[in-house]
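So the structure is just underneath, and the comments pick up after that.
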Amino acid sequence: MVERQEQAAPDGVLTRIGQVVMLHHGGDREEARRRLLDLWAEIGQDGDPLHRCTLAHYLADTQDDPSDELAWDLRALSAAQEAAHGRPDGDLGAVRGFYPSLHLNLAADYLKLGRTEAARSQLRRARGAAESLADDSYGDAMRAAISRLAQRLGDPAPPDDEPWGPSPRYSL
């Protein structure tokens with residue numbers, strides 16, 4: 001019973017990140033970036049990988065420079081990989097759902113920077129990672145976003161059984 005209660009307890013850091021993301025979505029990009037950077041300083045380079053992944057992912061969204069956006073998205077991917085590999089049972093379940101969005105955002109970053117082949121490589125990774133997504137609103141949104149980015153890249157259409165595609169950025 002105690003274990004079940006601990007799992008249900010809210011994560012204070014993720015809650016704080018979510019509050020700042022709402023501020024960003026409300027239109028205050030500069031203040032959101034400042035607060036997210038404050039959280040990053042608080043968590044530190046060695047903080048919980050899930051927190052770093054989530055925070056870096058949203059920090060990327062607040063960047064003005066595409067190179068800075070790419071740097072934050074790369075940090076998010078690195079933290080997700082650390083979270084996945086740091087699990088004693090080797091279970092990727094805790095972060096598996098993040099990978100389509102992480103790779104999609106990297107593809108969009110590379111496209112903004114004119115690095116088309118890198119964008120296509122990340123798009124392929126996003127497609128592969130999306131295969132594990134459920135048939136729900138998040139999965140549908142990610143698949144639609146992947147398809148839209150594929151169209152922008154002029155990437156050949158996937159097999160007929162793939163009904164999806166991306167927008168430039170999708171959040172976790």
Side-chain angles (χ1 to χ4, degrees), residues 1-110 112-113 115 118-119 121-123 125-126 128-130 132-134 136 138-139 141-142 145-146 166-172:
M1 184 68 157
V2 171
E3 182 179 318
R4 182 172 280 155
Q5 288 174 341
E6 287 175 5
Q7 289 175 346
D11 182 321
V13 173
L14 293 178
T15 299
R16 291 167 60 200
I17 293 169
Q19 291 168 339
V20 177
V21 169
M22 289 178 10
L23 178 69
H24 178 230
H25 289 170
D28 198 342
R29 184 180 182 138
E30 293 298 320
E31 180 64 15
R33 178 175 31 228
R34 187 189 66 73
R35 289 185 188 187
L36 290 170
L37 286 169
D38 288 347
L39 278 169
W40 184 263
E42 180 182 321
I43 291 168
Q45 296 286 341
D46 298 321
D48 180 280
L50 178 61
H51 294 160
R52 287 185 289 122
C53 174
T54 306
L55 190 51
H57 179 74
Y58 288 116
L59 261 163
D61 292 342
T62 67
Q63 302 306 304
D64 297 322
D65 183 303
S67 295
D68 294 337
E69 188 175 354
L70 173 63
W72 282 110
D73 279 329
L74 288 169
R75 284 183 189 104
L77 179 61
S78 177
Q81 291 168 335
E82 185 181 333
H85 297 313
R87 296 181 54 86
D89 57 4
D91 180 20
L92 297 175
V95 293
R96 179 173 286 143
F98 293 173
Y99 283 105
S101 180
L102 295 171
H103 288 296
L104 177 62
N105 288 346
L106 285 167
D109 296 343
Y110 285 125
K112 288 178 193 174
L113 293 167
R115 297 175 58 187
S121 174
Q122 288 299 322
L123 181 63
R125 289 186 171 115
S132 67
L133 293 176
D136 58 13
Y138 176 75
M142 289 309 312
I146 291 167
S167 76
R169 293 208 53 89
Y170 259 90
S171 297
L172 298 173

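- A salt bridge is absent between Glu30 and Arg34: the closest approach of a Lys/Arg side-chain nitrogen to an acidic carboxylate oxygen does not fall below 4.0 angstrom.
- Residues satisfying the side-chain contact (heavy atoms from CB on, under 4.5 Å) criterion with Arg115, sequence neighbours excluded, are Leu70, Tyr110, Leu113, Ala118.
- The distance from atom CG of Asp48 to atom CG of Leu55, rounded to the nearest 0.5 Å, is 11.0 Å.
- His51 is linked by a side-chain hydrogen bond (donor to acceptor under 3.5 Å, both in side chains) to Asp11, counting only residues two or more places apart in sequence or in another chain.
- Applying the salt bridge (Lys or Arg N to Asp or Glu O under 4.0 Å) test to Arg125 and every residue at least two apart in sequence or in another chain returns nothing.
- Asp68 pairs by the side-chain contact (heavy atoms from CB on, under 4.5 Å) definition with Gln63, Asp65, not counting sequence neighbours.
- Ser78 places no side-chain N or O within 3.5 Å of a backbone atom of Leu74 that could act as its donor or acceptor partner.
- Listed by first and then second residue, the salt bridge (charged side-chain N to carboxylate O under 4.0 Å, His left out) pairs involving residues 14-28 are Arg16-Glu42 (not counting sequence neighbours).
- Counting all heavy atoms, side chain and backbone alike, Arg52 lies closest to Gly44 at CD-O, 3.3 Å.
- For the atom pair CZ of Phe98 and CD of Gln81, the computed distance is 13.5 Å after rounding to the nearest 0.5 Å.
- Counting only heavy atoms from C-beta outward, the side chains of Tyr99 and Leu77 approach each other to under 4.5 Å.
- For Ser132 (side chain) and Ala129 (main-chain N/O), a donor-acceptor pair under 3.5 Å exists by modelled atom type.
- A distance of 6.5 Å separates CG of Asp61 from CD of Glu69, quoted to the nearest 0.5 Å.
- Closest non-hydrogen pair, Ala79 versus Cys53, comes out as CB-N, 3.5 Å.
- Checked against side-chain contact (heavy atoms from CB on, under 4.5 Å), Asp46 has no partners two or more places apart in sequence or in another chain.
- Rounded to the nearest 0.5 angstrom, Ile17 CD1 and Leu50 CG are separated by 8.0 Å.
- When all heavy atoms are compared, the tightest approach of His24 to Ala32 is CB-CB, 3.5 Å.
- With values rounded to the nearest 0.5 angstrom, Arg33 atom CZ is found 14.0 Å from Arg35 atom CZ.
- Separation of atoms CG (Leu123) and NE2 (His103) is listed at 11.0 Å; rounding is to 0.5 Å.
- Residues Ala126 and Leu104 share a closest heavy-atom pair of CB-N, 3.8 Å.
- Scored by the side-chain contact (heavy atoms from CB on, under 4.5 Å) test, Ala56 finds Trp40, Trp72, Arg75, Ala76 as partners (sequence neighbours excluded).
- Under the side-chain hydrogen bond (donor to acceptor under 3.5 Å, both in side chains) criterion, Gln45 pairs with no residue at all, not counting sequence neighbours.
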